[in-house]
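What follows is a set of notes on a single structure, which appears directly below.
All chains are named by letter (A, B, ...) in the order of the sequence lines, taking the proteins before the strands, and each is independently numbered beginning at 1.
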Amino acid sequence: MSTLIIIDQPPYGSWEGREALDMAFSLAAFDQPVSLLFCGAGVNWLRKGQDATTIQQKSVERNLAAAPVFGVEALLADNKACDHYGLTEEDLLDPVSITDFGPELTSRFDHVAFAG
Amino acid sequence: MSTLIIIDQPPYGSWEGREALDMAFSLAAFDQPVSLLFCGAGVNWLRKGQDATTIQQKSVERNLAAAPVFGVEALLADNKACDHYGLTEEDLLDPVSITDFGPELTSRFDHVAFAG
Amino acid sequence: MTRFKTLHILNKPPEHARYRLCLSAIGPQDGLLLTENGVLAITQPLAINKERCFALAPDLEARGLLSHVSSDQIASFDDMVDLTALAENVISW
Amino acid sequence: MTRFKTLHILNKPPEHARYRLCLSAIGPQDGLLLTENGVLAITQPLAINKERCFALAPDLEARGLLSHVSSDQIASFDDMVDLTALAENVISW
Amino acid sequence: MSNSLPEQTKTPAPAGVFTLVITGAPYSSQAPQTALHFARAALAANKRIDRVFLYGDGVHLASSLSTPPSDELNLSEAWAGFMAENNIPGVACIASALRRGLVNESEMQRHELSAFNLRAPFEIAGLGEWVDSAASESRVLYFHRGS
Amino acid sequence: MSNSLPEQTKTPAPAGVFTLVITGAPYSSQAPQTALHFARAALAANKRIDRVFLYGDGVHLASSLSTPPSDELNLSEAWAGFMAENNIPGVACIASALRRGLVNESEMQRHELSAFNLRAPFEIAGLGEWVDSAASESRVLYFHRGS
């Protein structure tokens, strides 16, 4: 049973991405294989240099950096979406791999889910 | 003070359109000039022959038919959106006028609002 | 009853970002079930074989679209149960 | 402080249907203020004069985009108050 | 419906057990309504529903205070009745619920709140309940908002 | 910010009074947070806020039971405090509120509910309050969800 959790919403504007992260961390905590995929506007989660102090939220960078430690197998980012937002490999947080969204990717998992 | 309430969400899938209608009816009830504009997927509110009995909701057709009676000045539908959904004048509920969405339209009103 | 590799359940209108995302994830052995706002897709050109694309009857009816679809493509909730039970995987968009 | 005919406040990302709707409603004497998810628009080509397009500083900062915008285009909440008070009309998308 | 596609080479047994995850709120999205219609059809087809899990905005379905106009379906009531009749456990995710003001009696006491508003038979529990379903043979279906 | 566009020929006095309409829920959208930052800046600039109106999913901001984790801002509490300090009335639309399970003491009694969960100083009233603002000289600003 391997799970792919998809985040397609940008950070800070809604809680959906945070709740997706909680899903992934919970699976990992129970030793279930899980990966995270960022696509669409969701790739903006992965930009370096975020600081959400002024909007009184917690920056998501630290959460994401902790993902491999907590046992999340991979952080994946859709190639086209990164291009669309001008994100090159250098702009992205460290543990992220660029990939291509499509049926080949999703069919590698038994269970594919969004948080909302 | 004239108001334009815009509905850009399709019916039944969310409550936003119903709550937009309530806004328009309230303004009209207090004798404030108000029109409704349907654009994007919102033009699907205007298709004849809706029957929401099986999904246990109230059909929106009757509400819309009542709009002129309640004092809503105009029901407007965006031309391009109607085209996109294959809606011709014949397919639309009676009191609707087709118009072009854009700055010329919105600038005719003092107050332009969405329900959500 | 058809058994798909992945059944994609789509409840978003064509303007929605996830609508496009869903369409780009449909593989050659997959099926598409349109529900709620998703049934509006049947007014649009879809790059998927009609034999693999269904729409939920009550949602079509609510939106005045029952006559827009051939009866082969119309699914009841009973059909939805069968489709989801038989598919190898299901993705709700 | 600039006085616009209509000030458009946009808080949706470029993938959102209402983002496109907003851009199609901007007249020649109008201004655009990007807030929340809307600040992602500054990563995209926009058909609006830079002198009429602003983005909220705290939202840019949160999303790591402060350095992507020239200082003329960066608005504080104080600027937002002035822009909305001075405009003839305001539309929140 | 047609019956046209060839069967796949790999043909596992059809799912007999479903878990329904509802993330769309009632009176905001159609998700709880669609999920209830699906749930009824599933039981009619002799499938089992092991759990209904409310997540994100979906936790509002468990409110005991939701009071729609009398000519509209009370979705919280309809869901609670369906679950009680068919012995299906309903769980609202605790993290989603607390943020959104949905609490049971013990959370009320723990956080010194003035009231509780969780409708029986819904309970409050962690994401572990969802992991439990995801890790089992159960087919997990999601009902999200549609706009 | 630049100061580049020519002034319009028609130049009405700048708005001195604002009405804030919040339609996005806390812990689901950023709307209540952005509105609060705006409201603080407006008062600092000597503007007046005649009313905060909660509509649609925005009514959840008036919940007295919302309990985010201790390291997250409690938005309901922050808004209630801001309104009390500055004598700004806050109104949740009654139709939106009842559907979504947000009730005050008198609605609890009228509908024979088990509890109430409206946080003071928020009140419950009809859309007439919004019409009142829309028909006045007040500038009505909307804070919707952003996704």
Which of parallel (below 30°), tilted (30 to 60°) and perpendicular (above 60°) describes B:H111 and F:Y142?
-> parallel
Select one option (side chain, backbone, both, neither) describing which atoms of F:S29 are under 4.5 Å from chain B's heavy atoms.
-> neither
Measure distances from B:S26 to the heavy atoms of chain F and classify the residue's part below 4.5 Å as side chain, backbone, both or neither.
-> both
Structural part of B:F25 lying under 4.5 Å from a heavy atom of chain F = neither
Side chain, backbone, both or neither: which part of F:R99 has an atom under 4.5 Å from a heavy atom of chain B?
-> side chain
Please state whether the side chain, the backbone, both or neither of B:E19 comes within less than 4.5 Å of a heavy atom of chain F.
-> both
Just wondering, are more than 12 heavy atoms of other shown residues or ligands nearer than 6.0 Å to NZ in B:K58?
-> yes
Any side-chain heavy atom of B:D22 within less than 4.5 Å of one from F:Y55?
-> yes
Evaluate the criterion side-chain hydrogen bond (donor to acceptor under 3.5 Å, both in side chains) for residue pair F:E72 and F:Y27; output intermediate values, then yes/no.
-> CA-CA 10 Å; F:E72 281 181 29; F:Y27 312 111; 5.6 Å; no
Could you give the distance from OG (B:S35) to CD1 (B:I6), rounded to the nearest 0.5 Å?
-> 11.5 Å
Which residues in residues 67-79 of chain B have a heavy atom less than 4.5 Å from any heavy atom of chain F?
-> none
Keeping the roles fixed (side chain from B:Y85, backbone from B:G42), state whether a donor-acceptor pair exists under 3.5 Å.
-> no
Evaluate the ring planes of F:W79 and F:F82, with Trp represented by its six-membered ring, and classify them as parallel (under 30°), tilted (30 to 60°) or perpendicular (over 60°).
-> perpendicular
Note, B:Q32 side chain near F:V131 side chain (heavy atom, < 4.5 Å) | yes
